[in-house]
Amino acid sequence: MDTLFIAAVFVLAGVVKGVTGMGLPTVAVALLTLRMSPLEAAALLIVPSSVTNVWQLATGPALYPLLLRFRWLLLAVCAGTACAPLLGAAAWSGAVLGLALVGYGVLGLTGWRMRVAPSAERWAGPLAGAATGVMAGVTGVFVMPVAPYLQALNLGNDDLIQAMGMAFTVATLALAVMLTVRGEWHAAAAGNSLLALIPAVAGMQLGQWLRDRMPPAVFRRCFFIALLALGVHQLFRM
């Protein structure tokens, strides 16, 4: 039953990624935590998340300029992830995950976007990166707050997708290192994570097929409503 549940979760998360270009780790962790802890879910996500994010990262036209622009943000993601275990987060990881899902769902449904001036990037980027790293280390989800931050920079669509792929790739690798140091990423976990890649890729292919056959706005609305509901459920079961 757990195997079928995990496979179904990764198919669904892959569909979301295929349609929207994002959301695989968020959806997968949100659903997997119905049966396991956030960091156990994060260990399953390492391979699918790494492969799909590198895929997204490699499709853009401006890798090196974006790497230079966001290097301090990426370093801060690594530092925040490394510091997360020092916070004694195991006791409150579920609550943090619930709040993150609710916040992300509300932002998506309202369509609200903050604006970050170019002059503020020097301090706002590392701050967003460090907060994202801590969030990743606590919950296994690394979309908040880096995704809203990057959206606030008024990047072009291609640059935004590539920058998100870059941030998510670094966050996944930093999370993998942290889990390895803590003994939660080992041969068995790596094997299970590799197997999870199969339903995730199948879901992505289905999602890309669906993307041309349904209004993306409707799918995104359903996606954010589902995240909001999962976040509320996570908070109420604490």
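Quick caveat, the model's predicted, so the values are computed rather than measured.
- For Ala100 against Met135, the heavy-atom pair with the smallest separation is CB-SD, 3.9 Å.
- Of all non-hydrogen atoms in Ala7 and Pro199, the two that sit nearest each other are O-CB, 3.5 Å.
- For the residue pair Ala176 and Thr180, the shortest heavy atom distance occurs at O-OG1, 2.8 Å.
- By the criterion of side-chain heavy atoms lying less than 4.5 angstrom apart, applied directly or through intervening Ile, Leu, Val, Met, Phe, Trp or Tyr residues, Leu173 is not grouped with Phe142; the two fall into different hydrophobic clusters.
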>> Working note: Thr81 + Val134, criterion side-chain contact (heavy atoms from CB on, under 4.5 Å); need CA distance, chi angles, decisive distance, verdict.
In response: CA-CA 5 Å; Thr81 306; Val134 171; over 6 Å; no
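- Counting only heavy atoms from C-beta outward, the side chains of Leu67 and Leu74 approach each other to under 4.5 Å.
- The CG atom of Asn192 sits 13.0 Å away from the CG atom of Leu197 when rounded to the nearest 0.5 Å.
- Of the possible polar contacts, one joining the Thr110 side chain to the Leu107 backbone as a donor-acceptor pair under 3.5 Å is found.
- Relative ring orientation between Phe224 and Tyr104 is described as perpendicular, the plane-to-plane angle rising above 60° on a 0-90° scale split at 30° and 60°.
- Distance check: Gln205 CD to Lys17 NZ gives 13.0 Å after rounding to the nearest 0.5 Å.
- Between the CG atom in Leu109 and the CZ atom in Arg221 there is a gap of 8.5 Å [rounded to 0.5 Å].
- With values rounded to the nearest 0.5 angstrom, Cys78 atom SG is found 11.0 Å from Leu175 atom CG.
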> Between Thr172 and Ser49, does a side chain to side chain donor-acceptor pair (under 3.5 Å) hold up when you go through it step by step?
Replying inline: CA-CA 7 Å; Thr172 302; Ser49 184; 3.1 Å; yes
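- Without hydrogens or angle criteria, Thr132 side chain to Val146 main chain gives a donor-acceptor distance under 3.5 Å.
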>> Apply side-chain contact (heavy atoms from CB on, under 4.5 Å) to residues Met36 and Leu44 and explain how you reach the verdict.
In response: CA-CA 11 Å; Met36 61 187 72; Leu44 278 174; 4.0 Å; yes
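- Of the options Val141, Val16, Leu31, Leu230, a side-chain contact (heavy atoms from CB on, under 4.5 Å) to Thr26 is made by Val141 and by none of the others.
- Between Leu127 and Tyr149, the closest side-chain pair of non-hydrogen atoms is not below 4.5 Å.
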> How far apart are the C-alpha atoms of Leu153 and Met114, what are their side-chain angles, what is the distance that settles it, and do they pass the side-chain contact (heavy atoms from CB on, under 4.5 Å) test?
Replying inline: CA-CA 9 Å; Leu153 297 179; Met114 61 180 176; over 6 Å; no
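- Phe168 and Leu75 end up in different hydrophobic clusters when Ile, Leu, Val, Met, Phe, Trp and Tyr side chains are linked at under 4.5 Å.
- Here the closest non-hydrogen pair linking Ala200 and Pro48 is CB-CB, 4.1 Å.
- By the 4.0 Å N-to-carboxylate-O rule, Glu40 lies too far from Arg35 to be salt-bridged with it.
- The cluster map of Ile, Leu, Val, Met, Phe, Trp and Tyr, joined by side-chain heavy atoms under 4.5 Å apart, puts Phe5 and Leu12 in the same cluster.
- Of the possible polar contacts, one joining the Thr33 side chain to the Val29 backbone as a donor-acceptor pair under 3.5 Å is found.
- Criterion: ILVMFWY side-chain heavy atoms under 4.5 Å apart, direct or through other members. Under it, Leu155 and Trp72 are not part of a common hydrophobic cluster.
- Under the 4.5 Å side-chain criterion, counting only non-hydrogen atoms from C-beta, Pro148 is in contact with Met144.
- No continuous path of hydrophobic side-chain contacts links Leu194 to Ile198 [ILVMFWY only; heavy atoms under 4.5 Å].
- Within the 3.5 Å criterion, the main-chain N or O of Leu97 finds no donor-acceptor partner in the side chain of Thr139.
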> side-chain contact (heavy atoms from CB on, under 4.5 Å) between Leu228 and Leu101: does it pass, once the steps are laid out?
Replying inline: CA-CA 6 Å; Leu228 180 60; Leu101 294 174; over 6 Å; no
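- In the displayed structure, Arg115 atom CZ is contacted under 6.0 Å by more than 12 heavy atoms of other residues, nucleotides or ligands.
- Interatomic distance, CE of Met166 versus CZ of Arg69, reported as 11.0 Å (0.5 Å rounding).
- Contact annotation: the side chain of Leu63 approaches that of Gln162 to within less than 4.5 Å [non-hydrogen atoms, C-beta and beyond].
- Closest heavy-atom contact between Val15 and Leu206: CG2-CD2, 3.8 Å.
- The closest side-chain heavy-atom distance from Leu45 to Leu24 is below 4.5 Å.
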